[in-house]
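Okay, structure first, notes after.
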Amino acid sequence: MQNCNIVIERVDALPPEFEEEMLPAALQENFVALRWLRDDWQSGANTFSAPGEAFYVARCDGRLVGVGGVNQDPYAGEAAVGRLRRMYVLPSFRRMGIGRRLVQRVVEDARKHFHTLRLRTLDAGASAFYEALGFETARGTESATHEMVIGNP
């Protein structure tokens with residue numbers, strides 16, 4: 001698929017179609033973070049509902065193709081540090097700008113609540129992706145590989 005109408009929207013629940021295609025695709029790539037997303041959401045352990053937190057879906061012509069959100073960073077010990085979590089785009093929809101737009105929306109909205117965003121990835125491709133979006137190598141913390149100072153909330 002070359003072009004589509006991309007819509008990024010904030011949601012308060014996992015969309016019903018999440019389990020149908022997105023979760024199996026992620027697990028096929030051994031990206032278990034989406035299993036954690038589902039399990040945490042179902043148990044209530046993490047529904048991206050604390051102050052400043054938000055969860056987003058990306059749709060391409062109405063089809064669910066990406067997800068991701070921001071939580072208060074549980075490792076930071078301070079509410080003004082956010083953590084990008086559970087970012088994922090279906091493989092057949094990568095390199096279309098969907099992931100970039102999803103992260104940009106999260107960062108834009110997070111500026112209202114957080115002064116720094118952190119994330120952790122051990123994937124070289126993901127590292128390059130986040131660095132291209134302005135994240136830098138995190139210093140002084142083992143809980144994050146990348147961070148971005150986004151201002152004063």
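Reckoned from all heavy atoms, side chains included, excluding hydrogens, waters and symmetry mates.
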From Ile150 atom CD1 to Lys112 atom NZ, the distance as rounded to the nearest 0.5 Å | 11.0 Å

Sequence neighbours excluded, the answer for salt bridge (Lys or Arg N to Asp or Glu O under 4.0 Å) partners of Glu108 is none

All salt bridge (Lys or Arg N to Asp or Glu O under 4.0 Å) counterparts of Glu78, not counting sequence neighbours | none

Return the minimal non-hydrogen interatomic distance between Gln72 and Pro51, and the atom names on each side.
-> NE2-O, 2.9 Å

If Ile, Leu, Val, Met, Phe, Trp and Tyr residues are connected whenever their side-chain heavy atoms lie under 4.5 Å apart, and connections chain through other members, are Tyr75 and Met148 in the same group?
-> no

Tell me whether Val106 is reachable from Val149 by hopping between hydrophobic residues (I, L, V, M, F, W, Y) whose side-chain heavy atoms are closer than 4.5 Å.
-> no

In chain order, what residues pass the side chain to side chain contact (heavy atoms under 4.5 Å, CB included) check against Ala45, with sequence neighbours excluded?
-> Asp40, Ser43

Taking the side chain as every heavy atom from C-beta outward, state whether Val103 and Leu84 have any pair of such atoms under 4.5 Å apart.
-> yes

Any residue meeting side chain to side chain donor-acceptor pair (under 3.5 Å) with Arg94, in chain and number order, not counting sequence neighbours = Glu29

Could you list the residues that satisfy salt bridge (Lys or Arg N to Asp or Glu O under 4.0 Å) with Glu131, not counting sequence neighbours?
-> none

Please determine if Asp39 and Arg35 form a salt bridge, counting it only when a charged side-chain N lies under 4.0 Å from a carboxylate O.
-> no

What pairs with Glu21 under salt bridge (Lys or Arg N to Asp or Glu O under 4.0 Å), at least two apart in sequence or on another chain?
-> Arg63

Side chains of Tyr56 and Val67 in contact at under 4.5 Å (non-hydrogen atoms) = no

Indicate yes or no: at least one non-hydrogen side-chain atom of Leu34 is less than 4.5 angstrom from one of Phe18.
-> yes

For Met96 and Cys4, run side-chain contact (heavy atoms from CB on, under 4.5 Å): C-alpha distance rounded to whole Å, both residues' side-chain angles, the deciding distance at 0.1 Å, then the answer.
-> CA-CA 9 Å; Met96 295 175 58; Cys4 65; 3.8 Å; yes

Set of residues satisfying side chain to side chain donor-acceptor pair (under 3.5 Å) with respect to Thr121, sequence neighbours excluded | none

Side chain to side chain, Leu117 and Glu147, heavy atoms closer than 4.5 Å | no

Identify, with sequence neighbours excluded, every residue that meets side chain to side chain contact (heavy atoms under 4.5 Å, CB included) alongside Asn5.
-> Val7, Asp61

Validation row: Arg101, Arg105 side chains within 4.5 angstrom (heavy atoms) | no

Side chains of Phe135 and Thr145: does their closest heavy-atom pair fall under 4.5 Å?
-> no

Below 4.5 Å, heavy atoms only, C-beta onward: do Val81 and Arg118 meet side chain to side chain?
-> yes

Any side-chain heavy-atom pair from Met22 and Pro15 closer than 4.5 angstrom?
-> no

Hits for side chain to side chain donor-acceptor pair (under 3.5 Å) against Asn71, two or more places apart or cross-chain, chain-then-number order -> Asn46, Glu53, Arg85

Partners passing side chain to side chain donor-acceptor pair (under 3.5 Å) against Arg10 (at least two apart in sequence or in another chain) | none

For Glu9, check side chain to side chain contact (heavy atoms under 4.5 Å, CB included) against everything at least two apart and list the hits.
-> Val11, Val57, Arg59

Residue pairs meeting ring pair (Phe, Tyr, Trp, His ring centres under 6.0 Å), one or both in residues 24-55, sequence neighbours left out, come to Phe31-Tyr88, Trp41-Phe48, Trp41-Phe55, Phe48-Phe55

Looking at CG of Asp12 and OG of Ser49, how far apart are the two atoms once the value is rounded to the nearest 0.5 Å?
-> 9.0 Å

